[in-house]
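Below is one structure, written out as structure tokens, with a few remarks after it.
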There are 2 protein chains.
Amino acid sequence: MKNEILKHLSKYIPITEELEEELSKIEFIKFFTKGTILLEEGKISNECFFIIKGCIRSFYNKDGEEKTTEFYSEEQAVVPSAYGNKIPSKYYLECIEDTIAGVGTPELETEIYQKFPQIESLNRALGEVIMAKYQDTFAEFKMTSPEERYLALLKNRPDLIQRVPQHQIASYLGIKPESLSRIRKRIMK
Amino acid sequence: MKNEILKHLSKYIPITEELEEELSKIEFIKFFTKGTILLEEGKISNECFFIIKGCIRSFYNKDGEEKTTEFYSEEQAVVPSAYGNKIPSKYYLECIEDTIAGVGTPELETEIYQKFPQIESLNRALGEVIMAKYQDTFAEFKMTSPEERYLALLKNRPDLIQRVPQHQIASYLGIKPESLSRIRKRIMK
DNA sequence: TGTCTTTCTTAACTTAAGTCAACGAATTAG
DNA sequence: CTAATTCGTTGACTTAAGTTAAGAAAGACA
């Protein structure tokens, strides 16, 4: 399982034997069953996740209704916006499948960064890329209709349609389940 | 004018005389007239901006229509998503008022970071905060109606309503100018 | 100053999403 | 395996945004 993380890292930086050994010493791979709440609204976040297998969603509670805002799956990092800060989280994180993930803490990060500064640089660079991608996703959302957004999702993350309940997809697209149902009917003409 | 930048920095880190002197040596404050295009779609971005006075907007060109996605004003940093990368920009940056701004380049940044590492740490920390704020803004956008979004804008950035043409606000809210006009009529009952 | 352009509003009409309610299908739990 | 819950679809109706077009108001410019 740790191989998955090394495999991912190796796309960006050379894996030295020392690094491999160091990472294998740390016990930070965890298993979560479907339905596990990883973070609750109002709680302080002290863990970030790197998904090896499975799927995690973030959702807000708006007047008793769950509003799904993101889905994270294999090879994606989940860094709560309040991670490391002492700010209470505004949203929940839930495993919507049995999930295997690497779990990071601020302390562990500091330790690794000290030993392997190249990982800190990498994380910073990846952070910038993610930020740019995020801006773009937001702009795209503003510029398109719910139907266009659904078609884009079908194209870009077809796996999600299979593994995630439709009412969560609807909420992710900013619409009600009934509307998504009608959109689906409309487009398969 | 450079005082403005020092004033801003001083909120976060102590300003040493050395730092003050160093920053004052650098000629990086520039003046742009209303209408100046700072970045064009397809162009590589090599400048970021810190607004001292004025207002900048980012917009995409979607099938010939301008879609405004963000407004930046006093004390805000404008970092194009393609800044420093060699990726062509997907959007435009335009001064919508006469604007005075500090202009940064990757080279200048590297230089300053080497001399004052605390500024690099600060920028990283601020980057994380901005990222978290951004996530929250997106979630909020998904969860609210155009009318609620307009009311929130009135509350959070009342100055924008005065200084920005309404059709740009409309596009920023994800709707057409006619709809914004009707929303305005609706809410002042 | 007066003309041209941009901006904002209004109206009539179309389109699609929200709401409420009902029902069958699928999934989960005991 | 059955009962209970969750999930997805459909229909009738409401509400609000998109579209098209026209005209008034405000700004820019020469």
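Chain A is the first sequence line, chain B the second, and so forth, proteins listed ahead of strands; every chain is numbered from 1.
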Whole-Å distance between [N] [atom2] and [X] [atom1]?
X         : N       : atom1 : atom2 : value
Glu65(B)  : dT6(C)  : CD    : P     : 15 Å
Glu178(A) : dA12(D) : CD    : C1'   : 13 Å
Met188(A) : dT10(D) : CE    : P     : 7 Å
Lys185(A) : dT10(D) : NZ    : C1'   : 6 Å
Asp63(B)  : dG18(D) : CG    : P     : 15 Å
Lys176(B) : dA17(D) : NZ    : C1'   : 10 Å
Glu148(A) : dT15(C) : CD    : P     : 16 Å
Ile96(A)  : dT28(C) : CD1   : C1'   : 17 Å

Would you mind telling me which residue lines up with the more 5' stretch of DNA chain D, Lys34(B) or Pro146(B), judged by nearest nucleotide?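 With Lys34(B) and Pro146(B) compared, the 5'-side residue is Pro146(B).
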Heavy atoms under 4.0 Å, any strand shown: does Arg184(B) hit a base, just sugar-phosphate, or nothing?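 The answer is sugar-phosphate, as Arg184(B) gets under 4.0 Å only of primed atoms, P, OP1 or OP2.
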Arg182(A) (side chain) and dG18(C) (base): donor-acceptor pair under 3.5 Å: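 A donor-acceptor contact between them is present.
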When you measure from the side chain of Lys30(B) to the backbone N and O of Gly102(B), does any donor-acceptor pair fall under 3.5 Å?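 Not a single qualifying donor-acceptor pair exists.
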Can you label the angle between the Phe138(B) ring and the Phe138(A) ring as parallel, tilted or perpendicular, going by 30° and 60°?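 Parallel.
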Are OP1 or OP2 of [N] and a side-chain N or O of [X] less than 4.0 angstrom apart?
X         : N       : result
Gln166(B) : dT9(C)  : yes
His167(B) : dC8(C)  : yes
Arg186(B) : dT9(C)  : no
Ser179(B) : dG18(D) : yes

With the threshold set at 4.0 Å, does a side-chain nitrogen-carboxylate oxygen contact exist between Lys115(B) and Glu111(B)?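 Result for this pair is yes, salt bridge flagged.
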With nearest nucleotide decided by heavy atoms, which residue, Pro177(B) or Ile175(A), maps closer to the 5′ end of DNA chain C?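 Whichever sits nearer the 5' end wins; that is Pro177(B).
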Give a yes or no on whether Lys62(A) atom NZ has more than 12 heavy-atom contacts from other residues, nucleotides or ligands under 6.0 Å away.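 Yes, enclosed.
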A side-chain contact here means heavy atoms from C-beta on lying under 4.5 Å apart; do Tyr83(A) and Val78(A) qualify?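 Heavy-atom side-chain distance check fails, nothing below 4.5 Å.
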